[in-house]
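Reading through the structure tokens given below for one structure.
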Amino acid sequence: MQDKIEDNLMEKIVSLCKRRGFIFSGSEIYGGLAGTYDWGHFGVALKNNIKQCWWKKFVDNRRDMYGVDAAILMNSKVWEATGHVANFADPLDGKQFNTMLKTQIGAKKEEVAVSYLRPETAQGMFVNFKNTVDAFHPKLPFGMAQIGKAFRNEIAPRDFLFRQREFEQMEIEYFVRPEDWEKYFEYWKDETLSFMEEIGVDMSKVHEVEIGDNDRAHYSKRTIDFEFEYPFGQKELSGLAYRTDFDLKNHKLDYIDEEKNEKIIPHVIEPSFGIDRLVLVALLSAYHEDEKGGETRAYLKFKPSMAPVICAVSPLLKNKPELVEYANMKVFAPLKAEFGRVIWDDNGNIGKRYRRQDEIGTPFCIVVDFDTLTDDTVTVRDRDTGEQERIKVSELIEFIKNKLD
Ligand code: GAP
């Protein structure tokens, strides 16, 4: 079965994403725009679950992390100071092509200024380093965290979400005393792997790759790429860089260590995730096929906490008002109020509904049938095994809460 799954896996994922409302080509009705994608209802939900998991783990659950949401447009002096204007380039026909996306600000000709759509979220944090220190007085080590869009004028966007011109990053700049950098580099390596595991990445396909001196970004003294075995080859999923004091120094920023009464430039460890690649890897890791009722079925085996939909509620027959009313009032409404990510599905016969929910990755399908009207129980069908059990309506919320934990 595994060989069969690997056949045309990317095509299967791309077509499932479109068919089931996860991800569409950008500007599709006008022929598309290379390197852009639009997100549908379930894609947004999956992406939000990944972002929320990251924010909870690295910001809300910690005492040493400060959130930021900086402007995408930044003064072009930022990119001159960081070396991006000079160095952020890819080779194109023997020349270096700067991959920052340039734009113009201002309406009157004489006032027009060049600006760039940020190629990394990182600088939005570095330029707010002083604001953060002044506002919160953090002690070293501490970090800044940001989730947001980044833009690169990639020469050859390709492989679905893998290489786009507009994408999203989740980045942390972790400030440490210079002598502590190795300790925290190791620490963030472990945290990176544990986050991937939490969101359901197939860890057997993740590889740590040490990046050599000639291949590192201009700001980094040590980089590890976490690569994933995609169907199109083993390539980068996320990165971990030791940015030294490169950025703070170039922005002429420093820090007073009040305990030691000295002025220093902290060094930076940067765990950086591309959300789009994480979504792609989450989809690839979750995709399974098996045989059910003599047919091949495809299903996304998301962890319940990551699934775009936690449960779907159906009346067995949609032309029986007593079933519809019960399902709506006594099952769907309370579950929706409790979990939010709950959908009503009465389209087609039950078999078709199950297949559809399997492809969306819905862990539980709940059906209200004629027995429900007499004994207040419903069937709950498990996505992975296809098995059904009868659960008391009064115990449904608790039952699902336990599965989410
Ligand atoms: N601040 C460091 C930085 O931006 P990077 O390795 O250039 O480092 C970080 O980018 C992450 O952003 C990558 O590991 C990848 O997940 C994601 N990424 C980079 N370029 C991308 C692109 N064109 N399309 C989708 N994701 C991209």
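Since the structure is predicted, the reported quantities are computational estimates derived from the model, not experimental observations. Counting starts at 1 for both ligands and their atoms, following the listed order.
Close N/O approach between Phe162 and ligand 1 is found [any backbone or side-chain N/O within under 3.5 Å]. Checked by distance only, ligand 1 and Phe273 stay at 3.5 Å or farther apart across all their nitrogen or oxygen atoms.
A heavy-atom separation below 4.0 Å is not found between Leu278 and ligand 1. Look at Thr223 and you'll find every heavy atom at least 4.0 Å from all atoms of ligand 1.
Seen from the ring of Tyr354, Arg381 counts as a face-on cation partner, given the 6.0 Å and 45° thresholds.
Residues satisfying the side-chain contact (heavy atoms from CB on, under 4.5 Å) test with Ser272, not counting sequence neighbours, are Gln169, Glu171, Glu270. Residues that satisfy the side-chain contact (heavy atoms from CB on, under 4.5 Å) test with Lys301, not counting sequence neighbours, are His288, Tyr299, Arg383, Asp384.
Closest heavy-atom approach to atom 9 (C) of ligand 1 among the candidates Pro119, Ser272, Gly274, Ala150: Ser272. With atom 5 (P) of ligand 1 as the reference point, the heavy atom nearest to it among Glu120, Glu171, Arg152, Met125 is part of Arg152.
Under the 4.5 Å side-chain criterion, counting only non-hydrogen atoms from C-beta, Leu284 is in contact with Met10.
Annotation: atom 12 (O) of ligand 1 to nearest protein heavy atom, Gln169 NE2, 3.3 Å.
Classified by interplanar angle (parallel below 30°, tilted 30° to 60°, perpendicular above 60°), the ring pair Phe126/His251 is tilted.
A salt bridge links Glu168 with Lys47: at least one charged nitrogen is closer than 4.0 Å to a carboxylate oxygen.
Only the side chain of Arg243 comes within 4.0 Å of ligand 1, judged by heavy-atom distances. With a 4.0 Å cut-off on non-hydrogen atoms, Tyr219 touches ligand 1 through its side chain and not its backbone.
You'll find the ring centres of Phe22 and His41 outside the 6.0 Å limit.
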